[in-house]
Amino acid sequence: MIIRLGYVAMSAVVKNASPSKTMTVTSFSKLLDREAAIRKLERLGAENLHNTLRLLRHNRAHDIMVFRFSSRFIPLIGHEMLGDWDPIPTLSAEFEELGAYAKQAGMRVSFHPDHFTVLSTPKEDVLQKSIQDLERHNAMLNAMGLGTEAMCNIHVGGSYGDKKKAAKRFIQNFSTLRPEIQKRITLENDDKTFNALETLEIAETVGAPMVLDVHHHAVNNEGEDVAELWPRIQQTWTNELPPKIHVSSPKSESDPRSHADYVEVEPLLSFLRAIAPMTPKLDIMIEAKMKDEALFRLMEDFKLQEGIVILDQASIQL
DNA sequence: ACCTGTCAAGTCTGG
DNA sequence: CCAGACTTGACAGGT
């Protein structure tokens, strides 16, 4: 099994390279010249995209081929206060440069619209905002010139006291999305509501690939053996992409759901060894506080293990 | 330079 | 029905 490691949005190594500089509504409102205020938002967006390009260069220098973009590239995008302001065409040159770099380097990039995007919601306004959010993420990927291999990972959402009904609503709402958006969605099990098996069943129904979060599974399950679920999870990856999993370690015994600074190698390795015989390729997204620093430390830990071939700075063979 | 409270968005819990 | 927690990086305003 060939495994590639990646990390999320920002670097612990590259300094002053935030991909999510922002502006609050309060400070935007204080600016008297609205046009100038909007230009400022666009400048922040350009800066975030430029910093992200710096991160991609850093990634390439360290053989990191898997990366998730920040969902906060453009401050206040979608806020009702800004009406029909559409900064994506304004920033098309920056988006294009970023996408071209990723594509040329053969990197796997993605988005993870955050928990305000909920397709299981019973509220029409929340649903519409969620769809708009997905549309914006899709538009950014298109502006980067990337195809449907660059995907948006989301959770199923809340249960509203009746998980079965919520799941049905998710499936119904998903089916109303434009096909282009549908093709770009992956579904991830969460740490409180929709567990791995429930998420898998929904993913199978709507035909979306499932991203397994091993840590979420550890804190939200009904006794399922995740290695036993794996063949079904893997089968949701019908496109050419290798399956992707999320990996992190619990912060502490008293706070098992929070993410630790680094990733424990042992529990990860036992899962990887269990699925290796049936999995030719796997991409791992590391979700640790120390970001790429955690990735490098995990690689050091892999080097000390038996039966692992180190392929380069960010990938191994097992 | 450093510290603390606050922040667009949604959901859930508890009062 | 409403306030606060959840979670997170970064702003904003203070010293």
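Quantities reported herein were computed from a predicted structural model and do not represent experimental measurements. Throughout, protein chains are lettered first and strands after them, A, B, ... in sequence-line order, and every chain is numbered starting at 1. Computed over heavy atoms, backbone and side chain alike; hydrogens, waters and symmetry mates excluded.
- Along DNA chain B, read 5' to 3', the first and last nucleotides having any atom under 4.0 Å from a heavy atom of chain A are B:dA8 to B:dC12.
- Inter-residue side-chain proximity for A:Leu298 and A:Leu268 is flagged as met; some heavy-atom pair is nearer than 4.5 Å.
- No close placement of the A:His215 and A:His246 rings is indicated, their centers lying 6.0 Å or farther apart.
- Nucleotides B:dG5 and C:dG4 place their P atoms 15 Å apart, quoted to the nearest Å.
- Annotation: ring pair (Phe, Tyr, Trp, His ring centres under 6.0 Å) contacts of A:Phe28 (sequence neighbours excluded): none.
- In this structure, A:Lys289 reaches the sugar-phosphate backbone alone: every heavy-atom distance under 4.0 Å involves primed, P, OP1 or OP2 atoms, never a base.
- The separation between A:His115 atom NE2 and C:dA5 atom P is 15 Å, rounded to whole Å.
- Using a 4.5 Å heavy-atom cutoff, the side chains of A:His79 and A:Leu41 are not in contact.
- Using a 3.5 Å distance cut-off with no hydrogens or angles, the side chains of A:His216 and A:Asn195 do not pair a donor with an acceptor.
- Two residues are said to be in side-chain contact when any heavy atoms from C-beta on lie closer than 4.5 Å; A:Phe271 and A:Ile245 meet this criterion.
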statement: Pairing string of DNA chain B (Watson-Crick or G-U wobble, both atom distances under 3.5 Å; | = paired to other strand) is |||||||..||||||
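- Note on A:Asp114 versus A:Arg72: salt bridge recorded, some NZ/NE/NH1/NH2 to OD/OE distance being below 4.0 Å.
- Contact check on A:Glu180 versus A:Arg178 returns a salt bridge, with a Lys/Arg side-chain nitrogen under 4.0 Å from an Asp/Glu carboxylate oxygen.
- Whole-Å rounding puts the A:Phe73 CZ to C:dG9 C1' distance at 15 Å.
- Residue A:Thr121 is in sugar-phosphate contact alone, with no base atom involved, counting any heavy-atom pair closer than 4.0 Å across all strands shown.
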When you compare the protein's N or O atoms with those of nucleotides 10-13 of chain C, which come within less than 3.5 Å of each other, and at what distance?
| residue | atom | partner | partner atom | Å |
| --- | --- | --- | --- | --- |
| C:dA10 | OP1 | A:Ser18 | OG | 2.6 |
| C:dA12 | OP1 | A:Thr24 | OG1 | 3.3 |
| C:dA12 | OP1 | A:Ser27 | OG | 2.3 |
| C:dG13 | OP1 | A:Lys30 | NZ | 2.6 |

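- Taking the side-chain hydrogen bond (donor to acceptor under 3.5 Å, both in side chains) definition, one finds that A:Gln104 meets it with A:Arg60, sequence neighbours left out.
- Taking atom C1' in both C:dT7 and B:dC2, one finds a spacing of 23 Å when rounded to whole Å.
- Rounded to whole Å, the C1' atom of C:dT8 lies 23 Å from the corresponding atom of B:dA1.
- For the pair A:His112 NE2 and C:dT7 C1', the interatomic distance rounds to 12 Å; values are reported in whole Å.
- In the model, A:Asn153 has a side-chain atom that pairs as donor or acceptor with a side-chain atom of A:Thr186 under 3.5 Å.
- Taking atom P on both B:dA8 and C:dA12, the two are 10 Å apart, rounded to the nearest angstrom.
- Applying the ring pair (Phe, Tyr, Trp, His ring centres under 6.0 Å) criterion to A:Tyr7, with sequence neighbours excluded, gives A:Phe67.
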